[in-house]
Amino acid sequence: MAAFARRKAQRLARPDPSRKRALDARAAELARLLNARERFCTASSCDGRVTVTDTDGTGIQKKNCTWLLVTHGPCAKGDVMTALEKATGDAVFKFEPFVLHVLCRELQDAQLLAVRSTHCLEVPLSHKGRLMVSEEYIEFLVHVANQKMEENIRRIDRFQKGLELALEAAVPADTLFPEGPEKSHSVYVHRRKRQTAQEQTDPSRELEPQDDTESSLGLFAEIMI
């Protein structure tokens, strides 16, 4: 426990390593909620963003990558077109949803929990600096990305409300799981096996749009609190 506290203090004392050198607004509120508890320490996070990046075509986008556009809110077609004027390689348009990583003191077999939504979007727009799609298609992509951003914000709000309720109801781990964290993990594995069996029985079943973030919260509440 003392080691976790030291590690948490060291992590939270570090300068923010992100490009903007600060947490995004919604992630900051979630980080405040979690870091107020001794048992949790937030790591990387992002509210969700729309980006246009220019790469050298090697397929390794985080290396040799130039950021042409980054926004954590709605974007406009004009912003994308202006960004593309600076592209000299393979430009890619992306929507990336909310993500939050949390270090956990109590679990011995899972020290990092990721809460991530899955409604991503990634589309190549240019090759060797040459635009490969029409402006009409870019306008359509921007519309789709903005819709995803709106849904992303709703999911964050739902997750935060659920997290607040879960933290308010929190009790010591040894009270919830007197047989230890391994027992709680086995319960989760059992439930996952049952869910997998149900999916195999009915492979046509699709997740509801809210399943990804809310199921992550369910996992958080089940084995973390």
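Bear in mind the structure is a predicted one, so any value in this text is a computation, not a measurement.
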With sequence neighbours left out, the residues meeting side chain to side chain donor-acceptor pair (under 3.5 Å) with Glu150 are none
If you count heavy atoms of other groups shown closer than 6.0 angstrom to NZ of Lys86, is the number above 12? yes
Note to self: Could you check whether any side-chain heavy atom of Leu125 comes within less than 4.5 Å of a side-chain heavy atom of Met132, counting everything from C-beta outward?
What the structure shows: no
Check whether any side-chain heavy atom of Lys148 lies under 4.5 Å from a side-chain heavy atom of Val144, and answer yes or no. yes
Inspect the contact between Glu29 and Arg32 and indicate whether a charged nitrogen and a carboxylate oxygen are less than 4.0 angstrom apart.
-> yes
Minimum side-chain heavy-atom gap Leu131-Ile138 below 4.5 Å | yes
Inset, instruction - Report yes if some heavy atom in the side chain of Phe93 is under 4.5 Å from a heavy atom in the side chain of Leu121; otherwise report no. - result: yes
d(Leu84 CG, Leu69 CG) to nearest 0.5 Å is 9.0 Å
Between Asp47 (side chain) and Arg26 (backbone), is there a donor-acceptor pair under 3.5 Å?
yes
By salt bridge (charged side-chain N to carboxylate O under 4.0 Å, His left out), Glu139 pairs with (sequence neighbours left out) none
So do Glu38 and Phe4 actually touch side chain to side chain, heavy atoms under 4.5 Å?
no
Query - Min side-chain heavy-atom separation Arg7-Leu103 under 4.5 Å - result: yes
**Message:** Any side-chain to backbone donor/acceptor pair from Asp90 onto Thr55? Under 3.5 Å, distance only.
**Reply:** no
- Could you check if a side-chain atom of Cys75 sits within less than 4.5 angstrom of a side-chain atom of Met149, using non-hydrogen atoms only? no
Heavy-atom donor-acceptor pair, Thr51 side chain to Thr53 backbone, under 3.5 Å
no
Note to self: Taking Arg39's backbone N and O only, do any of them form a donor-acceptor pair with Lys8's side chain (distance below 3.5 Å, no angle check)?
What the structure shows: no
Next item on the list: State, yes or no, whether a side-chain contact exists between Lys94 and Val123 at a heavy-atom distance under 4.5 Å.
Entry: no
Check your understanding: Any donor and acceptor pair, going by atom type alone, linking the side chain of His72 with main-chain N or O of Gly48 inside 3.5 Å?
Key -> yes
